[in-house]
Number of protein chains: 2
Amino acid sequence: MSVTIRDVAAYADVSVATVSRLLNGSKAVRTETAERIHQAIEILGFRPNIVGRSLKTSRTMMLGVVIPSLANPVFADTVSGIETETRQEGYTLLFGVSGYDADDEIRAVEALLRYRVDGLVLTVVNPERNAALDLLDASGVPYALVYNQPSRPGTTTVTVDNETAGRMVAESFASFGHHRLAMISGRFSASDRASARRDGFLAGARARGLADPVVLEVDFDSHDLEGALASLFAPEAGAPSAVFCSNDMLAISVIGGLGRLGLRVPEDVSVFGFDGIAVGAHMHPTLATVVQPSREMGREAARQLVGRLNGGLPAGPVILPYTLRSGETVGNACQPSPTVSRAPDHSVQQGKHAP
Amino acid sequence: MSVTIRDVAAYADVSVATVSRLLNGSKAVRTETAERIHQAIEILGFRPNIVGRSLKTSRTMMLGVVIPSLANPVFADTVSGIETETRQEGYTLLFGVSGYDADDEIRAVEALLRYRVDGLVLTVVNPERNAALDLLDASGVPYALVYNQPSRPGTTTVTVDNETAGRMVAESFASFGHHRLAMISGRFSASDRASARRDGFLAGARARGLADPVVLEVDFDSHDLEGALASLFAPEAGAPSAVFCSNDMLAISVIGGLGRLGLRVPEDVSVFGFDGIAVGAHMHPTLATVVQPSREMGREAARQLVGRLNGGLPAGPVILPYTLRSGETVGNACQPSPTVSRAPDHSVQQGKHAP
DNA sequence: AGGGCCAGTGTAAACGTTTACCTTGTGAAT
DNA sequence: ATTCACAAGGTAAACGTTTACACTGGCCCT
């Protein structure tokens, strides 16, 4: 149907091998011949068929990407980072969405493997005891994880120290005088990192001698949280004054829900998010959050993966630094004065690097 | 290297044709034989190679997606819509990013064509006189546009009536008593829809007898707009009291910039956005905006494309309804009273359908 | 003069599928 | 008993590349 390398060869009066060699620069071609071939390509409008090439070379120059959702900008940023990093290496991204679901994860990975992607970068619900990753390990196709907790030996994982970050959030709340903490999180079964953040948060609260925070699990895509919030804030006596949300999108929903419940942020309730999505800094009140370098995490994961594809050895976990960004959603506890309390300077606090 | 259909055939003691036929259900296979083949597949861990299949069938079951950027949630939503719609048809998405740049657009499209995608859905800078689309037309690969203005005859385009929407924004500003309007937009050369919105906005202002709004172009990825804003709001006499931003991300940046300039929204300046991204409704003040059904637009474009791939004829433009969402960023003009002015009910106003 | 080397090119066999075309066996219809 | 139709399966030729191997001249060495 369309014009093939054979047509080009015939038109330029050379063999297909010569055309192929010119195209790939795999062997020298006389400049005069090259000229003729280039003309033929131009005139005939030849477009190399990567499918044919892939079949022969068993390299597709496609990289698989599997993320839980595009609705969360944090993943969009990551994909964007992966894209810019791999594009210049000549790769194109093939896309899978898992919807925070282990079965869909398997389905997506299996599909990408059938397409014979050269490698993939993904975020899974939980890397330990994960069927999709077992599939990948068995296939021998290299991959890199982003955001997940390092738990598989020999697996490249790019992430931040979620647990310590969670602890810092508790510290921050405590330093603002909060005693009754709570955490609202997406399902732990669907997010190992949320679990780690909770562990750190609880440990941090305990270290400060505070009562164990109430922990509330919600669905990742839930937008109306008023029911859950109402129950959490019902017992006026024991209602928390500070809430840690496992990610920024959730925090934004929570702030909205609190507003509809008549609770003001930060006067009545302080809120901390996680991720550092761009809009958090632009909303009012600005969102206090743990900033992950999402785009850079994507880039780094891509870099690691490409490194392995070029024969490099699998690196261990890569822990990138996070940052605490102070915001107007966190205020002092127990001071129902109408004046907005000014937060002590707490910005740009460096996270830990890998040990 | 990996196990092929030939291995399966040998193990099950049948010909490769039979295995292939079973896999594709293209012809009947005795149940007993099918059983044996399935066992062989299971035991050997056979995973069909889509590359081989594609080469033979000249269908890759991949769809190309080209968008300007992932940083804008509106495109992330659209991709998400495309994904859910096409996934169930058995397609997987191959990804290209153009960065609002015509040359990169060509590069992305050319790359996807080499991969022999079965079709593509894209948003281009401007569909008229667009080299990337010329490439596509010449290739004969079907495609659908999203967000772009319908301008190419015979090209499926899914969009909203941007011009009328722009007019409605002007109307809305006028009804709040604003006389001096302005528009801040991404480069018109990089967005035909921004141009359409401006045209409508100007026409609307004129229809209300207002002075022509000042129009300010900025880069799409610009985050610090203070310079531009400072100049726009410098002449205290002629400073606008209402600003229409060509998209929500820009509106959010503008609100932030205004704040740093000491201008309050909506007390000093009213702001209208465009797109209806989710966070707009969650921020404070809530963002007044024109809501496009982004996800649905992606789905619809995908639906149209799949329809054509199944032999359907190219449909004309599909104009989906938009909605005006009122928000706290719009207030009454010229009333520097400290009390927040309550907006008249202006919500959920239906846009026009296709003629 | 003979050999060796190298640049430049051609030939043809893969890569993993699908599918047009054949072959066989079986049962029903004549 | 012959024919016919049909279900089930096999054979082998594509699809568009890459690349191992072979070949030809020309040049440089001795």
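Labels below follow one simple rule: chain letters A, B, ... track the order of the sequence lines, proteins then strands, and each chain is numbered from 1. Predicted model, so just to flag it, every value in this text is computed and none were measured.
Here B:A28 lies in heavy-atom contact (under 4.0 Å) with sugar-phosphate atoms only. B:S20 comes within 4.0 angstrom of a base, heavy atoms only. Residue-level contact check: B:S26 touches neither bases nor backbone, having no heavy atom under 4.0 Å from any strand. Among the atoms of the strands shown, none is found under 4.0 Å from any heavy atom of B:S54. Among the heavy atoms of the strands, none lies under 4.0 Å from A:V51.
The base of C:dG16 does not come close enough to the side chain of B:K56 for any donor and acceptor atom to sit less than 3.5 Å apart. For C:dG16, the base has no donor-acceptor partner in the side chain of B:R47 [N/O atoms by modelled type, under 3.5 angstrom].
Taking the side chain of B:K27 as heavy atoms from C-beta on, and the options D:dA8, D:dT19, D:dA22, the nearest nucleotide is D:dA8. When distances are taken from the side chain of A:I5 to each of D:dT18, C:dT18, D:dG10, the shortest belongs to D:dT18. Taking the side chain of A:L55 as heavy atoms from C-beta on, and the options C:dG16, D:dT17, D:dC21, the nearest nucleotide is C:dG16.
With values rounded to the nearest 0.5 angstrom, A:Q304 atom CD is found 12.0 Å from A:T155 atom OG1.
Here the side chain of A:S20 pairs no donor or acceptor atom with the backbone of A:V16 at under 3.5 angstrom. At least one donor-acceptor pair under 3.5 Å links the side chain of A:E105 to the backbone N or O of A:V125.
In terms of position along DNA chain D, the nucleotide closest to A:R6 lies nearer the 5' end than the nucleotide closest to the other residue of the pair A:R6 and A:R21.
One end of the helix from C:dA1-D:dT30 to C:dT30-D:dA1 points its axis 50° away from the other end's axis, with each axis taken from 5 pairs and the angle rounded to 10°.
The pair B:D101-B:R187 fails the salt-bridge criterion, with no side-chain N (NZ, NE, NH1 or NH2) lying under 4.0 Å from an Asp/Glu carboxylate O.
Atom CD of B:E42 has 12 or fewer heavy atoms from other residues, nucleotides or ligands within 6.0 Å.
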